[in-house]
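Indexing begins at 1, ligand by ligand and atom by atom, following the structure's order. Just so you know, these numbers use all the heavy atoms, side chains as well, and skip hydrogens, waters and symmetry mates. Quick caveat: nothing in here was measured; it's all calculated off a predicted structure.
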Amino acid sequence: MAQQTRPSALVDLRSDTVTKPTPEMRDAMRDAEVGDDVMGEDPTVQQLEAMAAERMGMEAGLFVASGTMANQVCVCTHTRRGQEMIIEENAHILHFEAGTIAAFAGVQPKPLPSVRGAMDPADVEAAIRPDNEHFPRTGLITVENTHNMEGGAAVPKENMAAVIDVGRRRGIPVHIDGARIFNAAIALGVSPGELVAGASSVAFCFSKGLGCPIGSVITGSREFIAEARRVRKMFGGGMRQAGVIAAPAIVALESMVDRLGQDHEHARILADALAELPGVTLDPADVQTNIIIFEFERDDMDAQQLVAGMRERGVLINPRPRIQPREAERIRVVTHSDVSREDIDHAVAAFRAVLAL
Ligand code: TLP
């Protein structure tokens with residue numbers, strides 16, 4: 001267990017992507033047995049892919065460079081050009097992947113509203129296009145869990161199961177952007193395999209809460225992964241001695257998953273303190289995992305000034321970019337394995353100092 005307990009020079013709460021590899025990860029990178037993975041000869045990558053598939057209850061896995069590549073390889077593998085994909089309206093795939101579903105997969109989105117990331121299964125079913133030559137064909141349904149822009153909300157298992165069931169009944173694949181699926185599983189008290197049961201593909205990241213420097217994995221059926229492997233090659237994502245970056249991911253699966261609850265606890269402490277401060281609109285009960293998003297509105301200070309004031313006190317935070325027209329200014333704060341309890345206390349003190357009336 002690799003909780004690092006230094007009061008940091010800087011407390012970096014911009015994202016859980018900022019974590020540095022632990023000493024155990026560095027050791028594993030140095031000692032990794034490697035081979036040419038495009039030739040199917042890297043034993044460390046193969047071990048990681050098998051472990052990841054097993055965790056998700058899937059047949060096979062595929063190691064890729066990033067969460068974005070994971071999602072895009074899945075979208076391209078599931079769909080054909082000109083199709084439509086049903087997606088939650090604030091999803092990462094829709095807003096933060098540089099328009100790739102249009103540029104690479106050639107599919108158009110059918111965005112649906114949600115309650116904190118959970119789309120109504122009846123809406124999903126109603127959004128499936130009837131057979132009519134005017135319409136695009138519905139080629140994919142996606143669910144993001146945890147939902148980043150909904151403040152790390154964990155989409156409940158029953159909702160996931162109901163949406164997955166719509167896909168199964170209507171013969172439409174369901175992809176899960178599970179960049180933070182372990183955070184979701186821990187918050188909901190279920191195994192990740194239970195949470196994604198019946199989905200066609202699940203992507204999750206090692207370079208977020210799990211603390212790795214790089215990497216994501218796609219899991220699915222053997223047949224799907226064989227096809228995804230070809231698409232990954234088209235993206236330029238075939239990697240050679242990738243065991244050096246797969247090795248820390250194995251360390252992460254073995255030792256970084258159970259500690260995620262600590263990040264959630266830290267986020268709750270922060271949320272309780274933030275909710276008391278003038279200008280902050282936040283219901284701490286909404287903070288289920290390691291992401292806090294709060295509305296910020298004051299006459300005497302805007303979000304940029306809050307960010308600057310926090311930086312002066314050694315705490316890094318980011319505004320959450322506006323993704324819907326006219327929405328309120330929001331700030332995102334993310335806890336992770338490089339943030340200790342002392343760091344949280346320091347951040348709370350800094351927020352109080354900057355926001356005190
Ligand atoms: N999210 C990043 C930024 O892109 C916003 C962050 O700091 O949270 N799915 C989800 C739900 C994500 O949150 C992210 C990254 C990705 C996919 C993409 O992963 P990467 O950054 O590895 O391409």
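If you look at R180 next to ligand 1, the close heavy atoms, those under 4.0 Å, all belong to the side chain. The side chain of A179, and not its backbone, has at least one atom closer than 4.0 Å to an atom of ligand 1 (non-hydrogen atoms only; side chain from C-beta on).
At a 4.0 Å cut-off, at least one heavy atom of R332 sits close enough to ligand 1 to count as contact. Within the structure, ligand 1 has K208 among the residues with a heavy atom less than 4.0 angstrom away.
When each atom of ligand 1 is checked for a heavy atom of E144 under 4.0 Å away, the hits are 11 (C). Atoms of ligand 1 lying under 4.0 Å from any heavy atom of E97, numbered from 1 in the order shown and given with element: 17 (C). Taking every non-hydrogen atom of S66 and a distance limit under 4.0 Å, the qualifying atoms of ligand 1 come out as 22 (O), 23 (O). Taking every heavy atom of G67 and a limit of under 4.0 angstrom, the matching atoms of ligand 1 come to 18 (C), 19 (O), 20 (P), 22 (O), 23 (O). Every atom of ligand 1 with a heavy atom of N71 under 4.0 Å away is listed here by number and element: 9 (N), 17 (C).
A chain of hydrophobic side-chain contacts below 4.5 Å, direct or via other Ile, Leu, Val, Met, Phe, Trp or Tyr residues, connects I269 to V354.
Not one N or O of D16 is nearer than 3.5 Å to an N or O of ligand 1, by distance alone.
The backbone N or O of A203 sits nowhere less than 3.5 Å from a side-chain atom of D177 that would complete a donor-acceptor pair. Side chain of Q72 to backbone of F104: no donor-acceptor contact under 3.5 angstrom is found.
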For residues 27-35, tabulate all N or O donor-acceptor pairs below 3.5 Å that involve a side-chain atom, not counting sequence neighbours.
none

Less than 3.5 Å apart, which donor and acceptor atoms pair up between the side chains of residues 205-224 and the rest of the protein, not counting sequence neighbours?
{"unit_1": "S216", "atom_1": "OG", "unit_2": "G67", "atom_2": "N", "d": "3.1"}
{"unit_1": "T219", "atom_1": "OG1", "unit_2": "V202", "atom_2": "O", "d": "3.2"}
{"unit_1": "S221", "atom_1": "OG", "unit_2": "F224", "atom_2": "N", "d": "3.0"}

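With respect to the salt-bridge test (charged N to carboxylate O, under 4.0 angstrom), the residues R232 and D37 qualify. Here R268 does not pair with D272 in a salt bridge; the nearest charged N to carboxylate O distance is not below 4.0 Å.
No more than 12 heavy atoms of other residues, nucleotides or ligands lie within 6.0 Å of CD in E297, so this atom counts as exposed by the packing criterion.
Closest protein heavy atom to atom 9 (N) of ligand 1: D177 OD2, 2.7 Å. In this structure, the protein non-hydrogen atom closest to atom 23 (O) of ligand 1 is T68 OG1, 2.6 Å. For atom 7 (O) of ligand 1, the closest non-hydrogen atom of the protein is S15 OG, 2.7 Å. At the top of the distance list for atom 16 (C) of ligand 1, counting protein heavy atoms only, stands H92 CE1, 3.2 Å.
By the 4.5 Å heavy-atom criterion applied to side chains, E89 and Q324 are counted as neighbours.
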